[in-house]
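Worksheet: one structure, shown below.
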Amino acid sequence: ADFIAPLFVVHGSGIREEIKTMPGQYRLSVDELVKECEGLYSVGVLSVMLFGIPEHKDHTGSEAYSHNGIVQQGIRALKAALPDLIVIADICMCEYTDHGHCGILHDHYTVDNDATLPYLCRQAVSFAEAGADIVAPSDMMDGRIAAMRQALDEAGYEQLPIMSYAAKFSSAFYGPFRDAADSAPSFGDRRSYQMDPANIREAMREIEGDIAEGADIVMVKPALPYLDVIRWARDRYDLPLAAYQVSGEYAMIQAAGLNGWIDRERIMMESLLSIKRAGADLILTYFAREAAELLRR
């Protein structure tokens with residue numbers, strides 16, 4: 001019940017396209033997304049996180065906040081088919097912009113933090129209108145939680161929780177995700193707004209700031225290379241704490257297991273246990289369905 005399954009949703013029908021760098025994970029059309037979530041729910045995985053792959057990308061990521069955006073379509077379909085499933089919508093610009101950065105560009109080369117906030121708020125309200133149970137900003141723009149809380153409140157969604165990617169590090173472990181979501185930046189990198197992997201004190205300040213702005217759940221990402229950050233956060237803050245076992249962590253375990261170099265199932269479970277032991281209440285993991293099936297057996 002602590003697992004959250006990240007899922008990738010695409011336009012079309014009957015699509016179940018395996019992601020080359022994440023064996024066992026798929027890009028799913030809305031109809032296949034519903035089937036996948038029915039399977040997850042049947043083994044006790046009660047929550048999913050949706051990432052959208054748009055048909056069209058532009059400079060302001062307009063599909064992210066479109067009524068007919070792919071994530072909005074997925075939310076509506078899931079809430080109709082599985083009303084008790086907790087549907088979490090990731091909020092960011094990177095999947096939807098033609099430049100692949102997490103915000104609006106100021107001069108074609110730098111991200112404009114403050115100019116990005118209204119677009120993130122439009123996403124949050126659009127996902128709320130579609131029926132999302134939780135919105136989860138992953139962009140790492142300063143001030144986004146306060147702006148989003150105000151926008152949701154003004155739109156009548158005062159009770160909608162915000163799960164903040166509060167300590168999201170500038171990590172090399174995200175590579176396979178960027179293949180899956182087609183979200184790699186077209187130039188530069190994201191070090192100017194994601195966090196320095198060396199700086200745990202800044203991570204605590206970021207978490208504290210997001211809590212002060214109104215976050216209901218805070219997240220550390222990635223998980224395994226940052227178990228110390230999870231532990232520090234657990235010891236300091238009372239809010240529900242999530243940790244994201246990201247695509248690179250998943251891909252390494254899968255690759256080594258498929259090559260017969262490790263006992264894949266045991267390492268999968270040991271890795272999840274270590275995240276829980278460090279203090280995470282919730283674990284986002286691509287192993288959610290398989291681990292849940294093992295636990296049930």
Side-chain angles (χ1 to χ4, degrees), residues 2-8 19 21-25 47-51 88 90-92 94-95 100 102 136-140 163-181 183-185 189-207 210 215 217-237 239-257 262 264 267-288 290-291:
D2 298 332
F3 292 147
I4 300 169
L7 298 169
F8 301 94
I19 300 162
T21 51
M22 298 174 67
Q25 298 300 305
S47 306
V48 298
M49 174 86 82
L50 298 188
F51 297 93
I88 308 167
D90 174 83
I91 294 177
C92 196
C94 62
E95 298 119 282
C102 299
S138 62
D139 55 282
M140 290 301 287
M163 175 190 285
S164 172
Y165 289 64
K168 181 179 179 180
F169 289 87
S170 181
S171 172
F173 282 88
Y174 303 147
F177 176 95
R178 292 173 183 171
D179 292 337
S183 63
D189 56 41
R190 295 173 179 152
R191 295 183 199 182
S192 65
Y193 44 94
Q194 293 181 356
M195 297 189 57
D196 179 357
N199 198 337
I200 192 170
R201 286 175 292 182
E202 184 183 17
M204 296 303 106
R205 291 198 300 272
E206 291 280 357
I207 292 171
D210 282 3
I217 304 168
V218 292
M219 185 195 303
V220 174
K221 179 184 181 183
L224 285 176
Y226 297 88
L227 293 178
D228 58 328
V229 182
I230 297 170
R231 182 74 262 164
W232 274 45
R234 176 71 294 144
D235 289 345
R236 289 169 182 238
Y237 306 113
L239 262 66
L241 176 63
Y244 197 147
Q245 187 183 45
V246 299
S247 60
E249 301 171 61
Y250 171 86
M252 290 192 300
I253 294 172
Q254 285 291 77
I262 59 171
R264 193 185 64 84
I267 285 185
M268 171 184 71
M269 298 307 293
E270 188 175 337
S271 70
L272 295 169
L273 179 64
S274 73
I275 298 166
K276 191 70 180 171
R277 187 186 65 240
D281 300 300
L282 305 166
I283 303 173
L284 292 93
T285 175
Y286 300 98
F287 289 120
E290 185 178 1

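Start at 1 with the first residue, then count along the sequence. Not measured: the values here are computed from a predicted model.
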Working to the nearest 0.5 Å, report the span between [atom1] of [X] and [atom2] of [Y].
X: Ile253; Y: Ile262; atom1: CD1; atom2: CD1; result: 6.0 Å
X: Glu290; Y: Met268; atom1: CD; atom2: CE; result: 4.0 Å
X: Glu202; Y: Asp196; atom1: CD; atom2: CG; result: 7.0 Å
X: Ile275; Y: Leu284; atom1: CD1; atom2: CG; result: 9.5 Å
X: Leu241; Y: Arg236; atom1: CG; atom2: CZ; result: 13.0 Å

- Hey, are Ser271 and Glu249 close enough side-chain-wise for a donor-acceptor pair under 3.5 Å? no
- Task: Show your reasoning for whether side chain to side chain contact (heavy atoms under 4.5 Å, CB included) applies to Ser171 and Val246.
- Result: CA-CA 10 Å; Ser171 172; Val246 299; 5.6 Å; no
Would you name the heavy atoms of [X] and [Y] that are closest together and state the gap between them?
X: Ile230; Y: Ala280; result: CG2-N, 3.8 Å
X: Asp90; Y: Ser138; result: OD1-OG, 2.9 Å
X: Leu272; Y: Ile283; result: O-CD1, 3.6 Å
X: Arg231; Y: Arg277; result: NH1-O, 3.3 Å
X: Tyr174; Y: Lys221; result: OH-O, 3.3 Å
X: Pro176; Y: Met22; result: CB-CG, 3.6 Å

- Where does the angle between the aromatic ring planes of Phe8 and Tyr286 fall among parallel (under 30°), tilted (30 to 60°) and perpendicular (over 60°)? parallel
- Worked check of side chain to side chain contact (heavy atoms under 4.5 Å, CB included) between Leu224 and Met252: CA-CA 12 Å; Leu224 285 176; Met252 290 192 300; over 6 Å; no
Determine whether [X] and [Y] make a side-chain contact, defined as any pair of heavy atoms from C-beta on separated by less than 4.5 Å.
X: Val229; Y: Phe169; value: yes
X: Tyr237; Y: Ile207; value: yes
X: Ile217; Y: Leu239; value: no
X: Ile4; Y: Met163; value: yes
X: Ser247; Y: Thr21; value: no
X: Pro6; Y: Tyr244; value: yes

- Task: Just jot down the ring pair (Phe, Tyr, Trp, His ring centres under 6.0 Å) partners of Phe287, sequence neighbours excluded, or say none.
- Result: Tyr250
- side-chain hydrogen bond (donor to acceptor under 3.5 Å, both in side chains) with Arg234: which residues, sequence neighbours excluded? Asp281
